[in-house]
Each structure stands twice: as C-alpha cells, then as structure tokens.
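Report on the following structure.
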Amino acid sequence: MNNEILRIAIQKSGRLTEKSMQLLSDCGIQLQNGKRKLLSPATNFPLEIYFLRDDDIPQYVEDGVADVGILGENVLLEEQAQVNTVLELGFAQCRLSLAIPKNEIYTGVDYWEGKKIATTYSNILKKYLAEKNIKADIHAISGSVEIAPSIGLAEGVCDLVSTGSTLLSNGLKEVEVILKSQAVLVANQQLSPQKQQILAQLLFRIRAKQAAANNKYILLNAPNDKIDEICALLPGMKSPSILPLRNSNWSSLHSVVQEQAFWDIIDKLKAAGAEGILVIPIEKMIV
Ligand code: PRP
Ligand code: ZN
C-alpha cells in the first residue's frame with residue numbers, strides 16, 4: 001500500500017504558472033482548492049501542489065520541503081541547487097542574453113571588458129564572463145533590470161528575453177545569447193521508493209501528453225492502386241490501417257504522423273492521389 005503523497009512546487013505567479021497548472025490538468029489531475037492557496041491537494045492523484053516563488057523552488061526541492069518542482073532552467077542554473085532534472089517540458093522557452101542601448105555599436109564579446117552590467121543572474125553571468133576571459137563589473141539587482149542603462153546604473157544588462165518586447169520598449173538591443181532555457185521538472189535526489197513510484201506515474205502521464213501534442217491522427221482516401229506509394233510517404237507508428245470503402249476502388253488510410261512531418265508530406269500525398277485528408281488532434285498517446 002502506498003500512502004505517500006508527492007509534493008510538487010510550481011511558480012506562484014509568473015510566466016510558468018498557467019502552463020504548469022495546465023500541464024497538471026492535462027494529466028487528469030484535479031485540485032481541491034479552486035483558488036490558489038499556498039497549498040492545494042489533488043483530489044484524484046497522490047499529489048500536493050505548493051505555490052512558491054520560482055527562485056525559491058530549487059532550494060525547496062534540494063532540501064526536500066518539496067519532492068519535485070517545475071521551474072525554468074535559467075533559475076535552476078542560477079541557483080546552483082543539487083537536484084535531478086527529470087524531464088524537459090518544452091514550454092516557457094526563453095534565452096538569457098546580454099543587451100545594450102540600441103544606438104551603441106557592438107564590437108563583439110570584448111565590448112564587455114570593464115563595463116558595468118546589471119542582472120539578476122550574477123552566477124550565470126560570472127561564469128560566462130570567466131569563460132570568455134572578460135573582466136566586467138557585475139551589478140546584481142533584484143528586478144527591473146531593463147531600466148538600469150537609462151538611469152545610468154549600468155552600461156548593459158543580462159536578462160531573460162522571451163518575445164523581446166521588454167528590451168524593445170526600453171531602447172535596448174540583444175547582442176549575445178548566454179543560454180537558452182525552458183521549463184523543466186526537477187526532483188529531490190533522495191526520493192523514497194514510494195515517491196519515485198508516484199513520480200513515475202506522473203511522468204507517464206506527462207509523456208503521453210507530450211507525445212500526443214507532437215503527433216496528429218491522419219485519415220485520407222486513396223485509390224487502391226496508389227496505396228503502396230501513399231503508405232511509403234506516411235511514417236506512421238507501425239504501419240497505416242487500411243479500411244475498405246463502399247466504392248471498391250478506394251480505401252481509407254489511417255495513421256499517426258508528426259505535426260512537422262505532416263506539413264512536409266502534404267503536397268506529396270495530394271500528388272500521389274490522396275483525397276479527403278483529415279488531420280485530427282490526439283488527446284493522449286501511449287508510446
Ligand atoms: C523576464 C525578464 C523580462 C521579461 C522578458 O521576466 O526579466 O522582464 O521576462 O520578456 P519579453 O522578452 O517577452 O518582454 P520574468 O517574467 O521571467 O520575471 P522574473 O524574472 O521576475 O521571474
Ligand atoms: Zn523569478
């Protein structure tokens with residue numbers, strides 16, 4: 001009997017919050033408290049959700065206050081916590097970049113020698129500058145980094161860029177990408193066997209959702225003499241299902257294709273004689 005509960009930390013309010021909640025909901029997990037409290041138990045899965053500041057999540061997971069957490073790789077790298085990265089989640093993609101006022105002329109990475117850089121990511125920046133053998137003055141601040149150059153606090157910034165609109169509206173331009181980041185699931189390094197088992201169930205559900213999101217169910221009608229040619233174009237899971245149609249010269253082909261592959265082969269399918277092509281989203285996919 002497994003009476004343990006897995007405690008998962010997610011961001012209280014910010015870029016990752018909504019997608020993290022959506023991920024749990026896509027996994028069929030329902031929460032007891034509709035409104036966001038600090039803690040919210042799931043009603044149909046052995047899980048408790050802790051809503052925390054993203055910067056605090058690595059430490060909470062390392063200390064075992066939470067068992068697992070969802071956070072940006074950028075925060076994970078900055079906080080340097082001892083946790084295991086279990087799965088890349090593919091959302092909240094962004095980059096950590098260096099930026100300067102848009103009228104300045106950028107001369108390459110040596111530009112930063114002796115410059116003052118404002119950031120909330122001092123650890124990552126320190127490491128980056130050391131690797132490039134550049135001595136700069138890191139000015140660690142806790143927020144609103146993008147205004148630092150205009151108020152004379154620094155000559156450039158090192159900050160997260162997602163759409164780029166924050167830089168744009170502050171008259172800055174991105175000149176170096178230090179790292180690329182996305183949301184990841186991390187876990188404490190000493191989970192009990194029971195908690196590992198719950199985590200495995202959660203991962204199974206997340207992977208089924210991820211696989212489904214990347215694939216589409218495709219149906220099409222094909223003249224019988226073109227079936228081989230069309231099947232060769234469809235890189236299905238195993239091989240396409242072929243069903244007879246009322247018109248005995250035609251068949252219906254069913255298969256699963258990757259979203260991207262579909263756009264690559266659609267013209268070839270039509271040229272090969274496929275008609276009535278339908279592409280349907282997949283809810284869950286167990287691979
Ligand atoms: C980041 C960053 C910028 C903004 C960039 O903050 O500090 O303010 O996002 O996004 P944009 O390129 O789409 O304009 P974030 O929301 O991650 O807040 P946090 O650093 O306090 O967690
Ligand atoms: Zn934050």
Side-chain angles (χ1 to χ4, degrees), residues 8-24 36-38 40 49-63 65-66 68-81 83 85 87-104 106 112 115-129 136-186:
I8 185 168
I10 70 172
Q11 190 183 26
K12 185 168 57 179
S13 74
R15 285 183 313 123
L16 279 77
T17 310
E18 207 161 305
K19 293 257 172 67
S20 305
M21 297 288 286
Q22 185 63 46
L23 180 73
L24 296 177
R36 256 168 231 156
K37 306 253 170 71
L38 170 65
S40 185
I49 294 94
Y50 286 64
F51 296 96
L52 301 171
R53 281 188 58 231
D54 61 345
D55 309 32
D56 295 336
I57 294 177
Q59 197 60 49
Y60 277 114
V61 174
E62 177 177 328
D63 295 346
V65 176
V68 298
I70 295 176
L71 74 164
E73 276 175 314
N74 53 299
V75 174
L76 187 61
L77 289 166
E78 177 62 23
E79 303 299 328
Q80 303 175 331
V83 297
T85 299
L87 188 65
E88 293 184 336
L89 297 171
F91 64 83
Q93 295 191 350
C94 60
R95 47 199 190 272
L96 184 68
S97 295
L98 286 164
I100 58 174
K102 66 172 191 290
N103 295 328
E104 294 292 322
Y106 190 64
W112 297 103
K115 294 278 197 305
K116 205 170 186 183
I117 312 170
T119 190
T120 57
Y121 291 89
S122 342
N123 289 329
I124 298 176
L125 180 58
K126 208 176 290 168
K127 191 158 164 270
Y128 174 84
L129 293 172
D137 176 11
I138 300 176
H139 198 89
I141 53 179
S142 61
S144 302
V145 170
E146 61 276 5
I147 63 166
S150 63
I151 60 172
L153 196 64
E155 288 147 304
V157 301
C158 165
D159 200 12
L160 286 191
V161 183
S162 170
T163 59
S165 59
T166 302
L167 291 187
L168 192 68
S169 58
N170 285 281
L172 301 172
K173 64 180 176 190
E174 187 178 7
V175 292
E176 295 290 346
V177 175
I178 294 182
L179 64 89
K180 291 197 169 148
S181 170
Q182 62 173 303
V184 288
L185 182 72
V186 297

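Atoms within a ligand are numbered from 1 in the order they appear, just like the ligands themselves.
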With heavy atoms of [X] as the reference, note each atom of ligand 1 found under 4.0 Å away.
X    : answer
V161 : 12 (O)
L160 : 1 (C), 2 (C), 3 (C), 5 (C), 17 (O)
D159 : 2 (C), 3 (C), 7 (O)
D54  : 22 (O)

S165 near ligand 1 by a heavy-atom separation under 4.0 Å: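 Yes, S165 has heavy atoms under 4.0 Å from ligand 1.
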
Any side-chain donor paired with an acceptor under 3.5 Å for E174 and S97?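 Yes - a donor-acceptor pair under 3.5 Å links their side chains.
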
Side chain or backbone, does [X] bring an N or O within less than 3.5 Å of an N or O on ligand 1?
X    : result
D55  : no
S162 : yes
T163 : yes
G164 : yes

Under the salt bridge (charged side-chain N to carboxylate O under 4.0 Å, His left out) test, residues paired with E78 that sit two or more places apart: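 Scan of E78 (salt bridge (charged side-chain N to carboxylate O under 4.0 Å, His left out), adjacent residues dropped) gives none.
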
Is ligand 1 under 4.0 Å from a heavy atom in the side chain of T166, in the backbone, in both, or in neither?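 Contact part for T166 vs ligand 1: both backbone and side chain.
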
Part of V145 within contact of ligand 1 (heavy atoms, under 4.0 Å):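 Under 4.0 Å from ligand 1, V145 contributes no heavy atoms.
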
What is the distance from atom CD of E79 to atom CG of D54, rounded to the nearest 0.5 Å?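 Rounded to the nearest 0.5 Å, the CD-CG separation comes to 8.5 Å.
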
Starting at CD1 of I147, measure out to OG1 of T166 and round the result to the nearest 0.5 Å.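 Result: 12.0 Å between the selected atoms.
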
Intermediate values then yes/no, side-chain contact (heavy atoms from CB on, under 4.5 Å), I141 and L153: CA-CA 10 Å; I141 53 179; L153 196 64; 4.2 Å; yes

Answer whether the closest heavy-atom distance between the side chains of Q182 and E88 falls below 4.5 Å.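 Side-chain contact under 4.5 Å: yes.
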
Is F91 close to Q22 at the side-chain level, that is, under 4.5 Å between some pair of heavy atoms?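 The answer is no; the side chains never approach within 4.5 Å.
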
Whether the side chain of K173 engages the backbone of E104 through a donor-acceptor N/O pair (distance < 3.5 Å, no angle test) should be reported.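 Yes: the side chain of K173 pairs with the backbone of E104.
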
